[in-house]
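Note that this is a predicted model, so its numbers are computed, not measured. Order of the sequence lines sets the chain letters (A, B, ...), proteins ahead of strands, with each chain counted from 1. Reckoned from all heavy atoms, side chains included, excluding hydrogens, waters and symmetry mates.
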There are 2 protein chains.
Amino acid sequence: MPADLSGIELRQLDTVVLTTRHVRRGEALFRTHDVFQSLYAVRTGSFKTIVMHRDGREQVIGFQIPGEPLGLDGVCSGTHSCEAIALEDSTVCIIPFAQFESLCRESRRMQRHLYYLMSSEIVRESSLMMMLGTMTAEQRLASFLLDLAARFRARGYSGAKFNLKMSREEIGCYLGLKLETVSRMFSRFHRDGLVEPKGKQIHIVDAQALARV
Amino acid sequence: MPADLSGIELRQLDTVVLTTRHVRRGEALFRTHDVFQSLYAVRTGSFKTIVMHRDGREQVIGFQIPGEPLGLDGVCSGTHSCEAIALEDSTVCIIPFAQFESLCRESRRMQRHLYYLMSSEIVRESSLMMMLGTMTAEQRLASFLLDLAARFRARGYSGAKFNLKMSREEIGCYLGLKLETVSRMFSRFHRDGLVEPKGKQIHIVDAQALARV
DNA sequence: CGCTTCTTTGAGAATACTCAAAGAGCGTGG
DNA sequence: CCACGCTCTTTGAGTATTCTCAAAGAAGCG
């Protein structure tokens with residue numbers, strides 16, 4: 001997970017990350033109001049995180065792929081404010097927060113890394129709010145695809161071809177759109193030669209044009 | 001700022017908060033890409049924080065009233081990812097981050113408080129995304145007013161009557177709506193007897209009904 | 001291989017937006 | 001202190017984007 005830590009710190013982290021956990025497709029790693037005890041890092045598979053309104057409305061607030069952190073929302077109140085659901089059979093590293101906290105007190109770099117993770121999440125959510133607040137349906141889907149592409153690339157996968165494990169409905173729930181609208185936008189991108197969607201398999205043909213949308 | 005710190009820690013914090021700064025209405029406390037050096041706490045007045053897209057689009061991601069923190073976005077990259085603009089002549093406490101960080105290494109409670117602040121911001125933004133992604137214009141304005149009311153109450157002001165320092169346009173920019181839509185929703189709430197808006201002075205008449213919207 | 005779930009597409013409806021103009025409020029300067 | 005001008009707010013009318021409802025087609029799973 002931590003790209004900017006030295007070998008020493010990584011070994012220290014290994015002493016804390018004693019266990020991994022398997023989560024089956026559709027199951028929850030944690031739910032809203034669960035007691036917060038650990039941070040997690042996706043090891044294999046993928047997750048969505050959702051917040052639920054009392055009336056049952058859901059908002060997907062993020063998708064996590066291997067290497068990305070989960071659970072930072074729980075630090076402030078001691079209970080989780082969202083829930084993390086596996087999009088496919090997945091495994092996570094468990095990082096017990098109490099132990100991680102001790103490690104942070106010993107290692108300034110580890111401490112900085114935790115700050116980095118939390119602040120990054122704040123910045124990520126800010127740009128998501130920008131998307132939800134100012135963009136058209138077309139722009140939202142374009143920026144979603146480009147963001148995913150960049151993250152896959154950053155983790156060593158192809159940024160041009162990847163598999164969407166989430167449904168159109170989940171994408172819509174993330175982008176503040178209905179599933180039909182998401183589907184129509186995919187069709188439009190396909191018609192315009194920007195993207196080649198074969199079901200869940202996505203091939204980004206013209207990233208430049210996507211960025212200009 | 002910190003509600004859960006002891007007298008000792010508050011005195012320690014006082015040694016770090018050496019200076020305050022005045023910011024005139026319309027001026028920036030910090031701008032996007034400014035080097036991050038300090039956290040701030042609003043002392044008097046109020047601010048908006050905005051993120052800017054390259055094409056000039058703006059999204060207001062928060063309004064800050066006295067007692068609330070500013071600048072947490074800068075921790076991860078060392079530069080600010082948003083800008084903070086004063087909505088009226090205001091003052092802030094300056095908390096140099098390097099010194100605050102040292103203090104956190106000495107005091108576990110101070111450390112926890114920083115975690116708390118960052119994680120709270122993550123949770124706050126999550127619920128904002130829920131609003132932007134799932135709510136109608138009417139519901140957005142209602143939840144905005146109730147949120148503000150709760151925050152004023154938490155800081156010891158009246159939750160039923162308060163002054164909106166931000167314009168209809170800024171509210172719209174925060175709620176993902178146009179200023180005309182915001183104005184229409186105010187008119188509707190007025191017509192229905194939920195809110196008594198006298199220009200920028202807001203009187204919440206029926207908070208229960210607002211919550212049911 | 002059949003059933004269920006997901007996706008696509010169409011048609012019509014609703015919400016929010018755009019453009020426009022009048023009215024109110026605020027700050028500034030005489 | 002009042003008047004002027006500017007900005008902000010309100011309201012209306014028409015438009016556009018997205019949503020809703022519906023149905024057919026495709027894909028995935030057991």
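Nucleic acid contact for B:L179: base, since at least one base atom lies under 4.0 Å from a heavy atom of the residue. The residue B:G172 sits apart from the nucleic acid: no heavy atom pair falls under 4.0 Å. Across all strands shown, B:S183 has heavy atoms under 4.0 Å from base atoms, whether or not it also approaches the sugar-phosphate.
Here the side chain of B:S127 pairs a donor or acceptor atom with the backbone of B:R124 at under 3.5 angstrom. Using modelled atom types, one side-chain atom of B:Q59 and one backbone atom of B:C173 make a donor-acceptor pair closer than 3.5 Å. A donor-acceptor contact shorter than 3.5 Å is absent between the side chain of A:S46 and the backbone of A:I65. Looking at A:T49, its side chain never comes within 3.5 Å of a backbone N or O of A:I61 through a donor-acceptor pair. For the pair B:Q139 (side chain) and B:T136 (backbone), a donor-acceptor distance under 3.5 Å is present. Without hydrogens or angle criteria, B:S119 side chain to A:L72 main chain gives a donor-acceptor distance under 3.5 Å.
Using a cutoff of 4.0 Å between basic side-chain nitrogens and carboxylate oxygens, A:D89 and A:R25 are not scored as salt-bridged.
The nucleotide range of DNA chain C contacted by chain B, defined by atoms under 4.0 angstrom from heavy atoms of the protein and reported 5' to 3', is C:dA16 to C:dC19.
For residues 136-146 of chain A, proximity to DNA chain D is found at A:T136, A:A137, defined as any non-hydrogen atom under 4.0 angstrom from a strand atom.
Each of B:L177 and B:R25 was assigned the nucleotide of DNA chain C with the nearest heavy atom; the assignment lying further toward the 5' end belongs to B:L177. When each of A:R184 and A:K200 is assigned the nucleotide of DNA chain C with its nearest heavy atom, A:K200 is the one assigned upstream, toward the 5' end.
One end of the helix from C:dC1-D:dG30 to C:dG30-D:dC1 points its axis 60° away from the other end's axis, with each axis taken from 5 pairs and the angle rounded to 10°.
Taking the six-membered ring for Trp and the full ring otherwise, the centers of B:F162 and B:Y157 sit at least 6.0 Å from each other. Checked against a 6.0 Å centroid threshold, the rings of B:Y174 and B:F63 count as neighbours.
With contacts defined as side-chain heavy-atom distances shorter than 4.5 Å, the pair A:V92/A:R43 does not qualify.
For D:dA26, the OP1/OP2 oxygens have no side-chain nitrogen or oxygen of A:K198 closer than 4.0 Å.
Using a 30° and 60° split on the angle between ring planes, B:F97 and A:Y115 fall in the perpendicular class, above 60°.
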